[in-house]
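Below is one structure, written out as structure tokens, with a few remarks after it.
All values derive from a computational prediction rather than experimental measurement. Proteins come first, then strands; the chains are lettered A, B, ... in the order of their sequence lines, and each starts at number 1.
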Amino acid sequence: MPASRPFHDEIVRLVRRIPRGKVATYGQIAAMLGRPRAARAVGSALRKLGGPLARVVPWHRVLNSAGRISRRDREFMDLQRELLEREGVRMRRGGAVDLERARWNRAAAKRLSTR
DNA sequence: CAAGTGACGTAGA
DNA sequence: GTCTACGCCACTT
């Protein structure tokens with residue numbers, strides 16, 4: 001059995017709240033959890049979603065800071081893009097989502113200040 | 001405990 | 001727009 005992963009669980013709980021048609025970034029999720037520099041960890045956590053969780057967590061609504069799909073595997077990219085478009089999230093030619101328009105919880109995301 | 005590993009982010013070229 | 005180089009951090013080995 002996997003060891004306890006508290007941060008992982010917090011990530012899952014938060015990502016589950018992203019509404020249909022909206023997206024968030026890894027950095028945004030990390031910041032909202034009080035760890036503005038743990039974006040990589042957010043990605044790793046979602047990467048490990050498997051079995052039942054993958055069907056309940058809207059992992060496809062999480063993108064990188066450029067509004068693009070981070071994973072390289074073509075199959076995976078196609079799936080994520082499909083799931084997004086299915087709920088009305090359109091992508092530009094370069095394959096990027098307009099975050100200004102589709103970002104979830106802009107207010108909270110505002111405190112993404114780099115510093 | 002030390003080293004390795006990324007669904008990351010930013011700055012710079 | 002693309003690409004690299006680094007820093008960062010939770011997790012794994």
Show every donor-acceptor pair shorter than 3.5 Å between a side-chain atom in residues 40-47 of chain A and any protein atom, with sequence neighbours excluded, or say none if there are none.
from    : atom 1 : to      : atom 2 : distance (Å)
A/Ser44 : OG     : A/Arg40 : O      : 3.2

N or O in side chain of A/Ser65 less than 4.0 angstrom from B/dT10 OP1/OP2: yes
Go through residues 45-60 of chain A and report each residue with a non-hydrogen atom lying under 4.0 Å from DNA chain B, sorted by number. A/Leu46, A/Arg47, A/Trp59
Of the residues in residues 82-98 of chain A, which ones touch DNA chain B at a heavy-atom distance under 4.0 Å? none
Listed partners of A/Arg71 passing side-chain hydrogen bond (donor to acceptor under 3.5 Å, both in side chains), at least two apart: A/Asp73
Looking at side-chain heavy atoms only, is the closest gap between A/Trp104 and A/Val23 below 4.5 Å? no
Spacing of A/Asn64 atom CG and A/Thr25 atom OG1 [to the nearest 0.5 Å]: 8.5 Å
Using only atom types and a distance under 3.5 Å, with no angle test, would you say the side chain of A/Gln80 pairs donor to acceptor with the backbone of A/Ser70? no
Trace of the salt bridge (charged side-chain N to carboxylate O under 4.0 Å, His left out) decision for A/Asp9 with A/Arg13: CA-CA 6 Å; A/Asp9 293 338; A/Arg13 227 182 305 152; over 6 Å; no
Using atom types as modelled, flag every donor-acceptor pair under 3.5 Å from a side chain in residues 91-99 of chain A to any protein atom, sequence neighbours excluded.
from    : atom 1 : to       : atom 2 : distance (Å)
A/Asp98 : OD1    : A/Glu100 : N      : 3.1

Side-chain heavy-atom pair A/Gln28, A/Arg103 within 4.5 angstrom cut-off: yes
Nearest-Å distance for atom pair CG/C1', residues A/Leu63 and B/dC8: 12 Å
Which pairs, with at least one residue in residues 51-61 of chain A and sequence neighbours excluded, count as a side chain to side chain donor-acceptor pair (under 3.5 Å)? A/His60-A/Glu87, A/Arg61-A/Glu87
Provide a list of protein-nucleic acid N or O atom pairs under 3.5 angstrom, restricted to nucleotides 2-4 of chain B.
none

Is there any protein nitrogen or oxygen under 3.5 Å from a nitrogen or oxygen in nucleotides 3-9 of chain C, and what are the pairs?
from  : atom 1 : to      : atom 2 : distance (Å)
C/dG7 : O6     : A/Arg40 : NH1    : 2.8

Atom-pair distance (CG on A/Asn64; P on B/dG6), nearest Å: 17 Å
Close side-chain approach of A/Leu49 to A/Val12, heavy-atom, < 4.5 Å: yes
Under the side-chain hydrogen bond (donor to acceptor under 3.5 Å, both in side chains) test, residues paired with A/Glu82 that sit two or more places apart: A/Arg86
Rounded to whole Å, please give me the gap between NE2 in A/His8 and C1' in B/dT5. 16 Å
Between A/Met77 and A/Val62, is there a shared hydrophobic cluster once you connect ILVMFWY residues whose side-chain heavy atoms come closer than 4.5 Å? no
Connected via hydrophobic side-chain network under 4.5 Å: A/Leu83 and A/Ile18: yes
Under 4.0 Å, heavy atoms only, any strand: does A/Tyr26 hit a base, just the sugar-phosphate, or nothing? base
With a 4.5 Å limit on heavy-atom distance, are the side chains of A/Arg68 and A/Leu63 in contact? no
Distance in angstrom units between A/Gln28 CD and B/dA7 C1', rounded: 15 Å
Contact residues, residues 70-77 of chain A to DNA chain B [heavy atom, < 4.0 Å]: A/Ser70, A/Arg71, A/Phe76
Nearest whole Å is fine: how far is C/dT2 C1' from A/Arg68 CZ? 10 Å
Could you list the residues that satisfy side-chain hydrogen bond (donor to acceptor under 3.5 Å, both in side chains) with A/Arg20, not counting sequence neighbours? none
Going by the rule salt bridge (Lys or Arg N to Asp or Glu O under 4.0 Å), which residues pair with A/Arg90 if we only count those two or more places apart in sequence or in a different chain? none
